[in-house]
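Written below as structure tokens is the structure these notes are about.
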Protein chains: 2
Amino acid sequence: MSTAGRGLHGHVLDTLGPAITAGEYPPGSVLRTDELAQRFDVSRSVMREAVRVLESMHLVESRRRVGVTVRPKAEWNVYDPQVIRWRLAGADRPRQLRSLTVLRSAIEPVAAGLAARHATAEQCAELTECALGMVAHSRGHQLHGYLVHDMAFHRVILSASGNEMFARLGDLVAEVLAGRTHHDVMFEDPDPAAVTLHVQVAEAVREGDAERAEQLTREITVGALHELDILAP
Amino acid sequence: MSTAGRGLHGHVLDTLGPAITAGEYPPGSVLRTDELAQRFDVSRSVMREAVRVLESMHLVESRRRVGVTVRPKAEWNVYDPQVIRWRLAGADRPRQLRSLTVLRSAIEPVAAGLAARHATAEQCAELTECALGMVAHSRGHQLHGYLVHDMAFHRVILSASGNEMFARLGDLVAEVLAGRTHHDVMFEDPDPAAVTLHVQVAEAVREGDAERAEQLTREITVGALHELDILAP
DNA sequence: GCGATCAATAAATCCGACTTTTTGCCCCGT
DNA sequence: ACGGGGCAAAAAGTCGGATTTATTGATCGC
């Protein structure tokens, strides 16, 4: 599901990363590698590797004679999948989920429009298959089956857009959908209107109707925004 | 302007990162840390730190007994600012510039709409100041002055949206704008219509007219897409 | 003849000692 | 009393040897 704590330094990251992103160490805090190495019971080299990774994520800055200082939240690489996972697992999960949903609402309609232009026959087939799967699992508390097809649907759309930047958001959207299903509302069956919209998007993409695909997807994302009470009345 | 090659491992990254993102080592290639350490004349520890950073960017995967293998392009963290800079400096700069411009076209209109709702008085002032600066430098080959205000304008919009994910795209958009000015067309003065649109966006945000701000910004990004011949007729 | 198990090996991984640089503090001079 | 220059400590940075592990291939058994 998530990244395995590969190696010793991976295990350090799995506990230090969430701690930093959760705000346990406020911006400007100084951490000494020696102390951390002792605390995690690893050598200083291992700790240095972990610090380098944190540094590449702009979570911390390492300076001589000063130590490892935590950088302000505004400078973090919030698009790093690892950082996103850490924040989703932490305390400000709701805030993160809202940010990501707004991002979805901006990206996915455009991606759907592009997909209508560039999707291959195989991708169109996958898309309709996913939509049908969603319909099949839309009633009778089959939330897990519905979720699987929903995630696959959006992943295909993003991938079929032909834009690599969009394609790489597949994991992110999947994480948002999974989070919404598991932790928030949605104890009931999904909104029938949303299911219909997905089927129609698959149609529009198959017919190459970019304008319609974009508008329909926009309606889907607007629904997602409403679920989180983001849209003002 | 770009990241300083902090430390020895930073220097290694500054030459190895561009080489990998440029495709000099095709996916599946194996690199041995010992060999690389010799080639760069550094210790294995330093090379290991560099490899860890590359690994956190999903550019490579380090496995025992097999070496450091280059991952396929589709798995790279293309949102990492460092990776973006490396790719912009490399051979597929045009492709990267197109991808980023499409991303802009999806994000910025939504960000402008949000900015109209959430912008503070100070941010509105900055925005109008930037727009005026663009007007002032729009004629007589003052490309540099125009660019500075253009970058600042879009940065303020993204920041004022109140969405941290959008805000972090400021550097990215600045890079795109700078790239367009320096390496591509635009030997003449900027399009007067685009200048007017920026002024009108500032107005709309100041007046809190989200719908208008979004539509006007969409016109700006459509213009940017046309410049790169991305939009089909 | 084919498959599974085990040993040899190649490469990453881990460790402790040494080096370099920065910064804070103290002393001296004005 | 105030300011500059130098000294010392503290922390990150660097290095090469020892260790672990996974792959490969060869041998033994079926």
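So that the names make sense, note that chain A is the first sequence line, chain B the second, and so on, each numbered from 1.
- When distances are taken from the side chain of B:L8 to each of C:dT23, D:dC15, C:dC14, the shortest belongs to D:dC15.
- Rounded to whole Å, atom C1' of D:dA22 lies 8 Å from atom CZ of B:R64.
- Remark: A:T33 is in phosphate contact with D:dA12, judged by side-chain N or O atoms under 4.0 Å from OP1 or OP2.
- Across every non-hydrogen atom of B:A111 and B:L158, the tightest pair is CB-CD2, 3.8 Å.
- No side-chain donor from either of A:H154 and A:H149 sits under 3.5 Å from a side-chain acceptor of the other.
- Nearest-nucleotide positions on DNA chain C for A:V66 and B:S62 put B:S62 closer to the 5' end.
- Side-chain atoms of B:V68 lie closest to C:dA12 of the nucleotides D:dT23, C:dA12, C:dC14.
- Between the side chains of B:S45 and A:S45, no donor-acceptor pair is found at a separation under 3.5 Å.
- For the atom pair OG1 (A:T221) and CZ (A:R104), the distance works out to 7.0 Å, reported to the nearest 0.5 Å.
- Residues B:E75 and B:H58 share a closest heavy-atom pair of O-CB, 3.2 Å.
- Nucleic acid contact class of A:R63 (heavy atoms, under 4.0 Å, all strands): sugar-phosphate only.
- One interatomic measurement links the two molecules: CD of A:Q38 to C1' of D:dA11, which rounds to 14 Å at whole-angstrom precision.
- Put simply, CG on A:D34 is 9 Å from C1' on D:dA10, counting in whole angstrom units.
- As rounded to whole Å, 9 Å separates atom P of D:dA12 from atom CZ of A:R48.
- The CZ atom of A:R32 sits 15 Å away from the C1' atom of C:dT23 (whole-angstrom rounding).
- Of all nucleotides listed (C:dC14, D:dA12, C:dA12), C:dC14 comes nearest to the side chain of A:V46.
- Evaluation of atom-type donor-acceptor distances gives a pair under 3.5 Å for the side chain of A:R44 against the base of D:dG13.
- To the nearest angstrom, P of D:dT14 lies 7 Å from CZ of A:R52.
- Regarding A:E49, its CD atom lies at a distance of 13 Å from the C1' atom of D:dT14, rounded to whole Å.
- For the pair B:E61 CD and C:dT13 C1', the computed distance is 16 Å after rounding to whole Å.
- For A:S45 against C:dC15, a side-chain N or O and a base N or O form a donor-acceptor pair under 3.5 Å.
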